[in-house]
2 protein chains.
Amino acid sequence: MVKAKRILKWQRDPEGMRIRILEAAKQEFATHGLAGARVDRIAAKAGANKRMLYYHVGKKDDLYLAVLEGAYEQIRVEERGLDLEHLDPPEAIERLIGFTWNYFIRNPEFLALLNTENLAKARHLKRSTKVKSMHSPFVEMIRTVVMRGVANGDFQVAVDPVQLYISIAALCFFYLSNSATLSVIFGRDLLKKEARDERLDHMVALVLAALTGKSTAAFGNSKALKHRAAAAHSDA
Amino acid sequence: MVKAKRILKWQRDPEGMRIRILEAAKQEFATHGLAGARVDRIAAKAGANKRMLYYHVGKKDDLYLAVLEGAYEQIRVEERGLDLEHLDPPEAIERLIGFTWNYFIRNPEFLALLNTENLAKARHLKRSTKVKSMHSPFVEMIRTVVMRGVANGDFQVAVDPVQLYISIAALCFFYLSNSATLSVIFGRDLLKKEARDERLDHMVALVLAALTGKSTAAFGNSKALKHRAAAAHSDA
DNA sequence: ACAGTAATTATCCAACGGGTTAATTTGTCC
DNA sequence: GGACAAATTAACCCGTTGGATAATTACTGT
């Protein structure tokens with residue numbers, strides 16, 4: 001598939017162009033939503049003529065769906081890279097939360113795209129066989145982790161993996177997706193480093209406390225709590 | 001303020017008109033977002049001439065801000081109606097979650113409006129002294145409930161009330177706001193009664209397990225769990 | 001009854017925005 | 001070196017949309 005037949009000067013580069021268009025479109029849709037996105041702006045950002053969008057991808061809606069599918073594709077790929085099998089159940093859960101958290105922080109457009117798609121009542125997603133076939137490996141990962149945890153006594157009870165998956169996503173997603181309004185309401189910047197670290201501590205502590213029945217220090221000593229080892233939370 | 005000076009036939013009713021406009025605008029903005037909303041559609045839905053919007057409220061942006069402020073106002077009012085003082089701490093938390101959950105279910109436009117505002121990076125909210133002055137009573141409520149719980153031994157640790165507030169909102173908000181995409185991903189309707197009841201059970205169990213250190217039945221017996229007393233969850 | 005004001009309607013318009021048509025350029029293959 | 005297709009550009013089209021102007025109607029106090 002390596003199209004570098006001749007690495008020489010090529011004014012023309014279809015695949016490169018397509019990628020630039022989709023990247024520009026992703027930014028545009030993430031920033032302005034579907035209705036707020038401007039086709040001309042996407043073209044400009046991609047350094048392309050407007051006609052190119054229609055030539056390489058399709059109309060605005062097709063463009064949007066392509067972006068959405070790409071976004072799901074990307075997270076699924078990264079999710080698959082996370083192996084929790086060899087970790088202690090509590091560590092596995094912590095890692096799972098850490099990954100989700102950091103992925104959302106690294107890919108804010110993903111959050112925006114999901115919100116946009118939900119505003120559209122998943123109209124496009126429903127038509128996408130592609131996305132529907134991309135199952136998240138997390139649900140199965142969680143199931144085995146929870147079962148192991150229950151078996152070895154780390155966890156008190158067997159939670160429904162789907163519910164837990166949604167809950168972990170929820171804790172991360174909402175905080176980041178709504179950080180703008182929440183920051184105004186609480187009168188402080190929820191995105192600054194310390195606030196983010198504190199949030200991650202809280203989420204991990206909350207979920208682990210629920211699973212193990214044992215509260216960790218971070219969960220309790222709120223407010224006057226230490227962010228010491230917080231830096232250790234990076235994803236795979 | 002009762003403007004019913006003469007209850008007789010009035011073709012004209014400014015305040016009623018304003019209310020109809022704001023209600024129509026709320027639906028429109030919630031359904032289509034800020035950019036997707038159409039001024040003409042709002043007028044039509046309100047049974048008004050388009051000019052009336054500008055006369056009674058202002059331009060599109062003003063209209064949107066007015067709707068947003070109204071939405072915050074409404075939830076704050078209902079929040080204040082919830083008194084948790086006389087309840088056992090665990091019951092108080094359960095009630096808090098139940099209220100949040102049911103409020104979001106009863107007011108789906110609120111979720112959509114918040115998402116829209118966050119897409120706009122809270123641009124409008126920042127300019128609204130009105131909303132900034134409307135503090136949620138929940139943070140203080142949670143603080144005292146948690147302190148009581150710790151004091152009487154119900155709770156193991158003192159969580160940061162702000163974090164807990166955000167977490168509870170997150171668990172409810174994300175599930176409902178993203179139900180469209182999640183339903184597609186999981187291939188089942190997350191909004192049907194049984195699914196909603198199961199979700200509420202899970203959220204209550206998760207948070208209470210974390211706070212008390214004792215897992216409840218509902219948290220453990222996932223999937224094959226009973227929705228028996230689920231009907232009891234109605235808000236204040 | 002009438003003047004004055006508040007509320008409402010009818011109509012218009014310029015800018016915008018998605019999408020298209022048709023011409024032009026660039027590379028490829030013989 | 002020219003034919004053919006792929007890629008790119010320039011220019012245009014036309015329905016939509018937020019907003020404005022100005023005329024009209026209903027209510028109020030006198």
Side-chain angles (χ1 to χ4, degrees), chain A residues 1-29 31-67 116 120 123-124, chain B residues 1-29 31-67 116 120 123-124:
Chain A
M1 269 301 122
V2 193
K3 172 66 168 311
K5 308 176 145 191
R6 218 126 320 163
I7 326 271
L8 301 175
K9 65 125 192 333
W10 44 10
Q11 277 89 9
R12 299 183 172 201
D13 173 14
E15 349 225 308
M17 171 67 94
R18 186 162 202 276
I19 290 172
R20 273 155 48 217
I21 289 173
L22 289 178
E23 179 58 33
K26 179 159 84 177
Q27 296 307 325
E28 178 71 10
F29 286 126
T31 309
H32 302 282
L34 178 49
R38 291 295 166 256
V39 168
D40 301 81
R41 242 170 1 215
I42 294 174
K45 255 180 277 192
N49 183 288
K50 183 167 52 155
R51 185 65 235 277
M52 291 291 86
L53 313 190
Y54 295 88
Y55 182 73
H56 287 288
V57 188
K59 61 176 76 185
K60 195 184 185 186
D61 246 39
D62 303 330
L63 210 43
Y64 168 76
L65 180 56
V67 165
T116 291
R123 178 160 36 99
H124 313 84
Chain B
M1 269 299 123
V2 192
K3 172 68 167 307
K5 308 177 144 190
R6 219 126 318 161
I7 327 272
L8 299 176
K9 63 122 201 295
W10 48 9
Q11 277 89 11
R12 301 181 171 202
D13 173 13
E15 351 223 307
M17 172 66 95
R18 186 162 204 277
I19 290 172
R20 273 155 49 218
I21 289 173
L22 289 178
E23 179 58 33
K26 179 160 83 177
Q27 297 306 325
E28 178 71 10
F29 286 125
T31 308
H32 302 281
L34 178 50
R38 291 295 165 256
V39 169
D40 301 82
R41 243 172 359 216
I42 294 174
K45 254 181 278 191
N49 183 288
K50 185 166 51 153
R51 185 64 235 279
M52 290 290 87
L53 313 190
Y54 296 88
Y55 182 75
H56 286 289
V57 188
K59 61 177 76 186
K60 196 186 184 185
D61 247 39
D62 303 331
L63 209 44
Y64 168 75
L65 181 55
V67 165
T116 291
R123 178 161 34 102
H124 313 83

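Below, chains carry the letters A, B, ... as their sequence lines are ordered, and counting in each starts from 1.
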Over how many whole Å does the gap from [X] atom [atom1] to [N] atom [atom2] extend?
| X | N | atom1 | atom2 | answer |
| --- | --- | --- | --- | --- |
| B/Y55 | D/dA23 | OH | P | 18 Å |
| B/M17 | D/dC27 | CE | C1' | 15 Å |
| B/M52 | D/dT21 | CE | P | 15 Å |
| A/L53 | D/dA7 | CG | P | 15 Å |

So does A/K45 pair up with A/E28, basic N to acidic O under 4.0 Å?
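Counted as a salt bridge, because a side-chain N and a carboxylate O are separated by less than 4.0 Å.
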Which atoms form the tightest heavy-atom contact between A/M17 and A/A48, and what is the distance?
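Distance-wise, the nearest heavy atoms are SD-CB, 3.6 Å.
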Contact summary for B/A66 and B/L22, nearest pair of heavy atoms
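Nearest heavy atoms, B/A66 then B/L22: CB-CD2, 3.8 Å.
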Within the side chain of A/K60, is there an N or O that forms a donor-acceptor pair under 3.5 Å with the backbone of A/L34?
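The answer is yes, because a donor-acceptor pair under 3.5 Å joins these two groups.
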Below the 4.0 Å mark, does D/dT8 have OP1 or OP2 next to a side-chain nitrogen or oxygen of A/H56?
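Affirmative; the distance criterion is met.
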Can you name the ring-ring contact (aromatic ring centres under 6.0 Å, His included) partners of A/H124, sequence neighbours left out?
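Once residues adjacent in sequence are excluded, the partners of A/H124 under the ring-ring contact (aromatic ring centres under 6.0 Å, His included) criterion are A/Y64.
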Heavy atoms under 4.0 Å is the rule here; annotate nucleotides 17-25 of chain C 5' to 3' with B where the base is hit, S where only the sugar-phosphate is, and - elsewhere.
SBBBBB--B
The criterion is side-chain contact (heavy atoms from CB on, under 4.5 Å); which residues satisfy it with B/A25, sequence neighbours excluded?
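Per chain and number, B/A25 pairs via side-chain contact (heavy atoms from CB on, under 4.5 Å) with B/F29, B/I42, B/L63, B/V67.
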